[in-house]
There are 2 protein chains.
Amino acid sequence: MLKDLDPLLHSQLRLGVMSILLSVESAEFTFLKEKTNASAGNLSVQLDKLSEAGYISVEKSFNGKKPLTTCKITKKGMKAFEEYVNSLKDYIKK
Amino acid sequence: MLKDLDPLLHSQLRLGVMSILLSVESAEFTFLKEKTNASAGNLSVQLDKLSEAGYISVEKSFNGKKPLTTCKITKKGMKAFEEYVNSLKDYIKK
DNA sequence: TAAACTGGTTTACATTATAAACCAAAATAT
DNA sequence: ATATTTTGGTTTATAATGTAAACCAGTTTA
């Protein structure tokens, strides 16, 4: 029987963000925006959701005088991602 | 840059249906319902969408006197599935 | 000092998913 | 015979989700 796919990760933008965060130490809002090609509004909303789920941590600081939002994946996020990929494999293996 | 994921396939239920249809000659509505654990209503709607996209063909006939809905994946559906999997790999590879 | 840009957030709307209600015919129970 | 339930779905209403547009505070540029 096919396993359920974590609905928080089964979203193109959120999955993209998680995928990027897995490959870097941390990423700034603008970097994620550029890489994912998302609008700022959409990215902001989806980062909140990932953050509330505890899949990423979001730190707000300042770069000189400009606001700076920095994101990192958490242990919980990594685990959820791995589980998602595992479940997904049942769907996409030929 | 991450590729877009075909929104028609990026849905748990529709992806599940396609996955199943890839592994069988054809499948009846009730079989798909059982395998995917979906409600009949939801399955009906999603089969329509896949059918309208030309990803599956749906044939309505009778099994004796009972209605019988039989689904098959199409060439177009197979190709779309392959492309989806390819795009997805960029997201889920470590 | 006004205009435009940066780095976002909030809010309203469109799309999507899902469940509940429904339907026709058939099988079963009364 | 005739209710009652079951089968095999479809239609419709609502809930959840995604996304874009509007907005905001502060900064730089003209």
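Per chain, numbering begins at 1; letters A, B, ... match sequence-line order.
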Identify, with sequence neighbours excluded, every residue that meets side chain to side chain contact (heavy atoms under 4.5 Å, CB included) alongside A:S39.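 Listed in chain order: A:N42.
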For B:K60, enumerate each residue passing the side chain to side chain contact (heavy atoms under 4.5 Å, CB included) test, keeping only those at least two apart in sequence or located in another chain.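 Side chain to side chain contact (heavy atoms under 4.5 Å, CB included) check on B:K60 returns B:V58, B:T69.
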Of the residues in residues 4-15 of chain B, which ones touch DNA chain D at a heavy-atom distance under 4.0 Å?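 Nucleic-acid contacts, sorted: none.
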Mind listing the residues from residues 26-40 of chain B sitting with a heavy atom below 4.0 Å of DNA chain D? Number order is fine.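 Nucleic-acid contacts, sorted: B:F29, B:T30, B:A40.
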Show which side-chain atoms of residues 1-21 of chain B pair as donor or acceptor with protein atoms under 3.5 Å away, not counting sequence neighbours.
unit_1	atom_1	unit_2	atom_2	d
B:D4	OD1	A:Q12	NE2	3.2
B:D6	OD1	B:L8	N	2.9
B:D6	OD2	B:Y55	OH	2.6
B:H10	ND1	B:Y84	OH	2.8
B:S11	OG	B:R14	N	3.3
B:Q12	OE1	A:L5	N	2.4
B:Q12	NE2	A:D4	OD1	3.2
B:R14	NE	B:L8	O	2.6
B:R14	NH1	B:Q46	OE1	2.6
B:R14	NH2	B:P7	O	3.1
B:S19	OG	A:Y91	O	3.0

Just how far, in rounded Å, is [atom2] of [N] from [atom1] of [X]?
X     : N      : atom1 : atom2 : value
A:L47 : D:dT19 : CG    : C1'   : 14 Å
B:N42 : D:dT11 : CG    : P     : 15 Å
B:L68 : C:dA24 : CG    : C1'   : 16 Å
B:Q46 : D:dT10 : CD    : P     : 12 Å
A:L43 : D:dG18 : CG    : P     : 13 Å

Any B:S44 side-chain nitrogen or oxygen under 4.0 Å from OP1 or OP2 of D:dG9: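 For B:S44, the contact criterion (side-chain N or O under 4.0 Å from OP1 or OP2 of D:dG9) is not met.
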Rounded to the nearest 0.5 Å, how far apart are [atom1] of [X] and [atom2] of [Y]?
X     : Y     : atom1 : atom2 : result
B:T70 : B:F31 : OG1   : CZ    : 12.0 Å
A:K79 : A:E83 : NZ    : CD    : 6.0 Å
B:I73 : B:S26 : CD1   : OG    : 12.5 Å
A:S23 : B:K93 : OG    : NZ    : 10.0 Å

Nearest of D:dG18, D:dT12, D:dG8 to any side-chain atom of B:P67?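 Out of D:dG18, D:dT12, D:dG8, the nucleotide with an atom closest to B:P67's side chain is D:dG8.
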Do A:L68 and A:I56 share a hydrophobic cluster (ILVMFWY, side-chain heavy atoms under 4.5 Å, transitive)?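 In one cluster with A:L68: A:I56, no.
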Answer with yes or no whether the hydrophobic clustering places B:L50 together with B:V45; edges join I, L, V, M, F, W, Y residues whose side-chain heavy atoms lie under 4.5 Å apart.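 No: no chain of side-chain contacts under 4.5 Å links B:L50 to B:V45.
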Contacts to DNA chain C from residues 50-63 of chain B, heavy-atom cutoff under 4.0 Å, which residues?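 Going residue by residue through residues 50-63 of chain B, none turns out to have a heavy atom under 4.0 Å of DNA chain C.
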Just grab all the salt bridge (Lys or Arg N to Asp or Glu O under 4.0 Å) pairs involving residues 29-39 of chain B, residues at least two apart or on different chains.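 Pairs touching residues 29-39 of chain B that pass the test: none.
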Output every pair passing salt bridge (Lys or Arg N to Asp or Glu O under 4.0 Å) with a member in residues 47-58 of chain A, not counting sequence neighbours, ordered by first then second residue.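 Checked against salt bridge (Lys or Arg N to Asp or Glu O under 4.0 Å) - neighbours excluded - no pair reaches residues 47-58 of chain A.
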With sequence neighbours excluded, residues passing salt bridge (Lys or Arg N to Asp or Glu O under 4.0 Å) with B:E25: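 Residues passing salt bridge (Lys or Arg N to Asp or Glu O under 4.0 Å) with B:E25: B:K72.
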Are there any protein N/O atoms within less than 3.5 Å of an N/O atom in nucleotides 22-27 of chain D, and if so, which ones and at what distance?
none

